[in-house]
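Some notes on the structure that comes next.
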Amino acid sequence: QVQLVESGGGLAQAGGSLRLSCVASGRTFSTYRMGWFRQAPGKEREFVAAIIWSSGFTYHADSVKGRFIISRDNVKNVVYLQMNSLNPEDTATYYCAASPGTTVVAAAGRYDYWGQGTQVTVSS
């Protein structure tokens with residue numbers, strides 16, 4: 001079965017950087033889309049970025065465009081989220097998600113598999 005395990009969260013200062021990792025296992029992901037979402041307390045889960053595993057095509061939410069970058073390592077089966085210029089509004093639990101497909105989608109309901117999440121806290 002598909003397993004997604006996130007890591008790399010923690011505490012950062014405003015203006016700082018963190019890199020999240022999502023190790024994917026359980027199958028071949030060449031026909032999958034991978035996404036990062038985040039959820040702050042009291043708020044709905046929010047799309048952050050997605051990547052198509054086979055082509056490397058990426059899409060980022062406007063709120064993170066120019067600051068965050070999603071990428072993947074085909075050999076290690078890892079998806080990364082490089083987060084730069086962090087601000088307190090980025091504080092949330094970040095989740096990795098996956099589903100079959102070769103087009104980018106931003107709706108959480110379109111993803112079948114989810115990791116357990118990793119907490120990111122940005123102090124001002």
Side-chain angles (χ1 to χ4, degrees):
Q1 63 277 21
V2 173
Q3 282 194 317
L4 304 173
V5 180
E6 304 99 331
S7 63
L11 178 64
Q13 289 190 333
S17 299
L18 286 173
R19 188 176 78 159
L20 305 184
S21 300
C22 171
V23 178
S25 63
R27 63 154 294 127
T28 301
F29 291 91
S30 58
T31 59
Y32 270 53
R33 63 173 71 90
M34 308 294 293
W36 283 100
F37 289 77
R38 66 186 181 186
Q39 188 166 19
K43 294 188 176 182
E44 293 187 355
R45 192 162 296 191
E46 175 190 17
F47 170 79
V48 175
I51 187 167
I52 304 304
W53 199 284
S54 57
S55 66
F57 180 82
T58 63
Y59 179 74
H60 298 79
D62 287 344
S63 59
V64 305
K65 200 170 293 183
R67 300 189 299 123
F68 292 10
I69 300 172
I70 188 172
S71 64
R72 78 330 189 190
D73 184 318
N74 284 335
V75 175
K76 297 181 179 179
N77 257 21
V78 179
V79 178
Y80 301 101
L81 185 68
Q82 178 66 45
M83 305 188 296
N84 302 320
S85 301
L86 286 163
N87 58 62
E89 290 70 38
D90 296 318
T91 295
T93 301
Y94 283 71
Y95 297 90
C96 178
S99 67
T102 54
T103 58
V104 167
V105 294
R110 296 285 300 276
Y111 289 82
D112 300 323
Y113 305 99
W114 293 84
Q116 81 289 349
T118 185
Q119 177 67 37
V120 171
T121 303
V122 183
S123 62
S124 56

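From a predicted model like this one, the values you see are computed outputs, not experimental measurements.
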| message | Rounded to the nearest 0.5 Å, what separates atom OH in Y95 from atom OG1 in T118? | response | 10.0 Å
| query | Hey, what's the ring geometry for F68 with Y94, parallel, tilted or perpendicular (30° and 60° as the breaks)? | reply | tilted
| pair T91-R38: side-chain heavy atoms closer than 4.5 Å | no
| message | If you define the side chain from C-beta out and look only at heavy atoms, does anything of D112 sit under 4.5 Å from P100? | response | yes
| Quick one: CG on L18 to CE on M83, what's the gap to the nearest 0.5 Å? | 4.5 Å
| task | Spell out, as yes or no, whether a donor-acceptor pair under 3.5 Å connects the side chain of H60 to the backbone of I70. | result | yes
| Check: W114 and R45 side chains under 4.5 Å, non-hydrogen atoms | yes
| field | Over 12 foreign heavy atoms within 6.0 Å of CD, Q13 | value | no
| note | Smallest heavy-atom separation, L4 atom then A24 atom, equals CD2-CB, 3.7 Å
| note | Minimal heavy-atom distance between V64 and V48, with the atoms involved, is CG2-O, 3.5 Å
| query | What distance do W53 atom CH2 and T31 atom OG1 have between them, rounded to the nearest 0.5 Å? | reply | 11.0 Å
| request: Give the minimum heavy-atom separation between A106 and F37, together with the two atoms involved. | output: O-CE2, 3.4 Å
| field | R110 backbone acceptor or donor facing S99 side chain under 3.5 Å | value | yes
| Side-chain (Y111) to main-chain (R33) donor-acceptor, under 3.5 angstrom | no
| At what distance, to the nearest 0.5 angstrom, does CZ of R72 lie from OG of S21? | 15.0 Å
| note | Scanning both residues in full, the closest heavy-atom pair of V122 with D90 reads CG2-CB, 4.3 Å
| query | When hydrophobic residues are tied together by side-chain contacts of less than 4.5 Å, even through go-betweens, does V79 share a cluster with V2? | reply | yes
| Given side chains that start at C-beta, do those of W36 and E6 come closer than 4.5 Å, heavy atoms only? | yes
| query | Within a reach of under 6.0 Å around NZ of K65, are more than 12 heavy atoms found that belong to other residues, nucleotides or ligands? | reply | yes
| Sidechain-backbone polar pair: T121 side chain, L11 backbone, donor-acceptor under 3.5 Å | no
| said: Less than 4.5 Å apart, side chain to side chain, heavy atoms only: is that true for N87 and R67? | reply: yes
| Value rounded to 0.5 Å, distance of CG in N77 from CE in M34 | 8.0 Å
| task | To the nearest 0.5 Å, tell me how far S124 OG sits from E89 CD. | result | 9.0 Å
| Do L20 and Y113 sit in the same hydrophobic cluster, where Ile, Leu, Val, Met, Phe, Trp and Tyr count as joined when their side-chain heavy atoms come under 4.5 Å apart? | yes
| task | List the atom of V105, the atom of A50, and the distance in Å for their closest heavy-atom pair. | result | O-CB, 4.3 Å
| note | Residues N84 and S17: closest non-hydrogen pair is OD1-OG, 3.0 Å
